[in-house]
Amino acid sequence: MPSHALALLIITAVLIAVGLVVISSLEASAKMSLYGGAAREIFRSHVTKLIIGVVLLIITSFVDYRYHEKYAWFYYMLAVFLLLLPYAFPPVAGSRRWILLGSFSFQPSEFAKFAMIVCCGVYIKKHQDRMRSFVDGFLKPFLMVIPILILVFLEPDLSSCLVIMLVVMLMLYSHGTRLIYVLSTLASLGFLFFAAQKFGIFLRDYQISRLKAFFAGDLPDQVMQAVRALKEGGLVGKGVGLGEVKLSVPAVVTDFVFAAIGEELGLVGIIAVVLLFFLLVWTMLKLVESSRDVFVTSFVSGLSLLIMVQVLVNLGVVAGMFPVTGVTLPFISYGGSSMTVMMASLGVIVNMATSGSEAG
């Protein structure tokens with residue numbers, strides 16, 4: 001195994017270990033408000049999902065990555081099917097984000113992120129000589145991803161919808177699409193959000209309330225508690241398992257896990273975790289820097305962008321710099337769908353690094 005592939009697995013293992021420590025320390029408190037009496041089951045459940053993720057990583061690391069390229073459109077149709085499947089059942093808490101399988105649940109939007117990266121990678125490879133044109137380099141791939149974005153938006157899962165759109169835009173730009181097309185799309189999106197909160201259109205009431213609060217400079221209680229946890233942690237934190245402010249932050253094991261890291265490990269801990277993610281992405285890019293296969297470079301850039309977008313959005317929301325949205329911290333947050341899809345994707349990159357991806 002190449003040294004960079006080994007480094008990739010080691011860095012991932014360290015990030016997973018951080019998640020295990022944080023979640024176990026949160027579980028240790030019976031005062032945890034979000035999950036109440038079920039708090040003691042969180043760590044066991046997280047480990048179970050982690051084991052499933054490791055199994056998927058091992059499997060995908062042995063499957064020739066070219067099969068993903070070959071069956072990209074199957075992934076596309078599977079993503080559409082999975083996103084439609086929740087409509088066959090009653091909504092859960094007013095939304096259709098999950099597929100319930102007994103005691104397990106799965107978020108199809110997480111698979112949709114993987115499917116879109118694969119499909120865009122295949123598209124970029126087939127049209128690499130025409131990525132500067134408006135039609136082939138921007139319009140066609142944008143139209144390709146629109147059905148997925150609409151289905152995710154209607155769940156409703158606005159944050160995943162935006163993450164997928166941003167990753168696709170940046171993937172296209174990194175492989176030749178003109179910057180003006182990407183900036184125009186993002187500017188139009190910003191205008192739509194401003195209009196949505198101004199006139200109360202397009203979005204659900206709670207989404208509009210979050211945007212209004214953000215544009216007005218009002219931090220929701222959830223964010224204020226998270227910021228307080230960060231301040232309580234100070235430079236070096238209170239120590240693993242210590243501190244109580246984080247326990248008052250809703251979704252502290254998922255979308256606000258940085259609040260727990262900040263209170264327990266302080267600013268030093270947060271910087272260390274962010275640096276680990278940068279190191280992970282740098283290692284992924286080093287693994288394929290010599291590859292002449294455009295599918296490989298586009299897939300790796302897509303997954304790298306997905307990881308960094310989620311890290312920055314997660315940290316930005318906890319710090320009050322972005323509107324409240326539900327984005328997990330890869331490999332650390334409690335959440336089986338995100339963990340298993342990320343681990344499987346990592347296995348694909350390991351296979352790319354070990355199976356001679358230099359073929360163009």
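Counted within 6.0 Å of OH on Tyr87, heavy atoms from surrounding residues, nucleotides or ligands total more than 12; the atom is thus considered enclosed.
The aromatic rings of Phe114 and Phe111 sit tilted, their planes meeting at an angle between 30° and 60°. Classified by interplanar angle (parallel below 30°, tilted 30° to 60°, perpendicular above 60°), the ring pair Phe138/Tyr181 is tilted. Relative orientation of the Phe299 and Phe295 rings is tilted, given thresholds of 30° and 60° on the angle between their planes.
When only modelled atom types and interatomic distance are considered, Ser24 and His46 share no side-chain donor-acceptor pair under 3.5 Å. Inspection of the Ser298 and Tyr123 side chains reveals no N or O donor paired with an N or O acceptor under 3.5 Å.
For Arg97 (side chain) and Pro86 (main-chain N/O), no donor-acceptor pair under 3.5 Å exists by modelled atom type. Looking only at distances, a side-chain donor or acceptor of Thr177 sits under 3.5 Å from a matching main-chain atom of Gly137. For Asp255 (side chain) and Asn314 (main-chain N/O), no donor-acceptor pair under 3.5 Å exists by modelled atom type. Between the side chain of Ser61 and the main chain of Gly347, no donor-acceptor pair closer than 3.5 Å is present.
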Handout entry: side-chain contact (heavy atoms from CB on, under 4.5 Å) evaluation trace for Phe256 with Val317
Key = CA-CA 8 Å; Phe256 280 73; Val317 169; 3.6 Å; yes
Handout entry: Verdict with supporting geometry, Met342 and Ile307, side-chain contact (heavy atoms from CB on, under 4.5 Å)
Key = CA-CA 9 Å; Met342 279 289 176; Ile307 291 173; 4.0 Å; yes
Exercise for the section: Kindly determine whether Asp157 and Gln107 satisfy side-chain contact (heavy atoms from CB on, under 4.5 Å), including the steps that lead there. Expected result: CA-CA 10 Å; Asp157 189 350; Gln107 272 191 286; 3.9 Å; yes
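Side chains of Met116 and Val167 form no contact here, defined as non-hydrogen atoms less than 4.5 Å apart.
Salt-bridge annotation for Glu110 and Lys113: present, with a side-chain N of the basic residue lying under 4.0 Å from a carboxylate O of the acidic one.
The structure places CG of Leu280 at 7.5 Å from OG of Ser304, a figure rounded to the nearest 0.5 Å.
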